[in-house]
Amino acid sequence: MNHASHPQTHVIVGAGLAGAKAAEALRAEGFDGRIVLLGDESEQPYERPPLSKDFLRGESPREKARVHPDDFYTDNEIGLRTATSVQALDLRDRAVVLAVGERIGFDRLLLATGAEPRRLSLPGSDLDGIHYLRDLRDADAIAARLERGGRVVVIGAGWIGAEVAASARQKGLDVTVLAREGLPLERVLGPELGRVYAEVHRDHGVEFVSGAVLDRFEGAAGVERVHLADGRSFDTDFVVVGVGVRPRAGLAEAAGIAVADGVLASERFETNIEGVFAVGDVANAYHPFYGRRLRVEHWANALNQPATAARAMLGKPASYERLPYFFSDQYDVRMEYSGYAAEWDEVVFRGDPARREFVAFWLSADRVVAGMNVNVWDVTADIQSLIRSQQRVDAERLRDTGHPIGELIDDVAGSIGGAA
Ligand SMILES: Cc1cc2nc3c(=O)[nH]c(=O)nc-3n(C[C@H](O)[C@H](O)[C@H](O)COP(=O)(O)OP(=O)(O)OC[C@H]3O[C@@H](n4cnc5c(N)ncnc54)[C@H](O)[C@@H]3O)c2cc1C
């Protein structure tokens, strides 16, 4: 690589999946200048989904979660610096300022700082044994607890809570889930699918407590009991809290970049500051299909958005058009979800939810806005085409398993593949 004739430097802040894929994409798009990838964790870039699943249960090694093989960064002349925290952005001089004081100038800057767990602030919430789950260190600590067995209280019934509950049951622990909602995953999937997941967890022996408003934690050396406001209390050996995340947009905000539930970005991931981009969990980016900005915390965004951002950073035409996609594994119930359903009129099931092999469609004004396949495979492209077509569908035909999903689409307005 001839750096001398192209002395440009592109800096990426955040060395998670999105940051690592952005570095890869810049090289793939032919950028032969300097790439600096800065991450405050001490690990090589890794993917987080295994942290609540196989890795948490001790079934897969640490290295398997890595985004790239070890030598990828040196082979591609990517200046990866782990355990390096960026403290500030100096947009006037176009430099990032590290916590250690060093400044690194940039021609293009990409923010891939992700998200961080919301923390509880209640009496006793700083007791030992109250865990959050975002990074490998968190997962190491929870995995060690799981190995010891006993009882765990999981707070929150979103994806993290539901997956940790499943992994803990698979390791043989007694599991109680405390949630404000009436059903697990209700907030993200709605009551129809919440009921399915409630049954799945009940069948595996999870105690699900709805309407739970936390009051305090109690314990001597570490947490021993969780009290609810209504007087109920639950003894436990440790606690895992999964009550959502917030985008790590502080750096951007302090530098004057527009922020509102994440860093605001265009469909090419450029922020309101020219030459500064944002992708992954931290980005609240305009989505052309929805005609609005969207910030979702999905692995697939961190995987796929960087290719578009890299093109944009290099001045090439770029627009991110993929539909939102995510997946979750709990016990032997594995699912993929495509689309975005903030509100809907009806959920139509194709197949029998009781057998845990089905596709669910979220319908709004007779159009499919989201679809989720559970233990049914190779239908993501068809579901996404159906969403994209925006055509009215007959619910009876959707229900009919004898009728291939692909044949429900009369005129597909350009299908854009699956997740990867
Ligand atoms: C336990 C767990 C399980 C998950 N399972 C699934 C799943 O099954 N399916 C799914 O679709 N999604 C899942 N997700 C969500 C998915 O992992 C995220 O959407 C994805 O990690 C987002 O990637 P990112 O690179 O944008 O952010 P992150 O992965 O958060 O990476 C951002 C990185 O930037 C670093 N950073 C932040 N600020 C600074 C700074 N100032 N200086 C230096 N470095 C900084 C952070 O420490 C972090 O390493 C899961 C998440 C977790 C935590």
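Values reported hereafter were calculated over all heavy atoms of this structure, with side chains retained and with hydrogens, waters and symmetry mates removed. Nothing fancy with the numbering, it's 1 onward along the sequence. One-based numbering, in listed order, for ligands and for the atoms of each.
- For ligand 1, the atoms sitting less than 4.0 Å from at least one non-hydrogen atom of Ala302 are 22 (C), 23 (O), numbered in the order shown with element in parentheses.
- For ligand 1, the polar-atom distance check finds no N/O of Leu133 at less than 3.5 Å from any of the ligand's N/O atoms.
- Counting the atoms of ligand 1 from 1 in the order shown, those under 4.0 Å from a heavy atom of His298 are 11 (O), 19 (O).
- Neither the backbone nor the side chain of Asp135 comes within 4.0 Å of ligand 1, counting heavy atoms alone.
- Residue contact check for ligand 1: Lys53 places a non-hydrogen atom closer than 4.0 Å to it.
- Among the atoms of Ser52, none of the N or O lies under 3.5 angstrom from an N or O of ligand 1.
- Scanning all protein heavy atoms for the shortest distance to atom 29 (O) of ligand 1 gives Arg48 NE, 2.5 Å.
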- Message: Please determine whether ring pair (Phe, Tyr, Trp, His ring centres under 6.0 Å) holds for the pair His201 and Phe208, giving the CA-CA distance in whole Å, both sets of side-chain angles, and the decisive distance to 0.1 Å.
- Response: CA-CA 8 Å; His201 283 279; Phe208 183 80; 8.2 Å; no
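- Given atom 26 (O) of ligand 1, the protein heavy atom at minimum distance is Asp281 N, 2.9 Å.
- Summary of contacts: the protein heavy atom closest to atom 42 (N) of ligand 1 is Val86 N, 2.9 Å.
- Applying the 4.0 Å criterion to heavy atoms of Glu297 picks out, from ligand 1, the atoms 15 (C), 19 (O).
- The protein non-hydrogen atom at the shortest distance from atom 27 (O) of ligand 1 is Gly114 CA, 3.2 Å.
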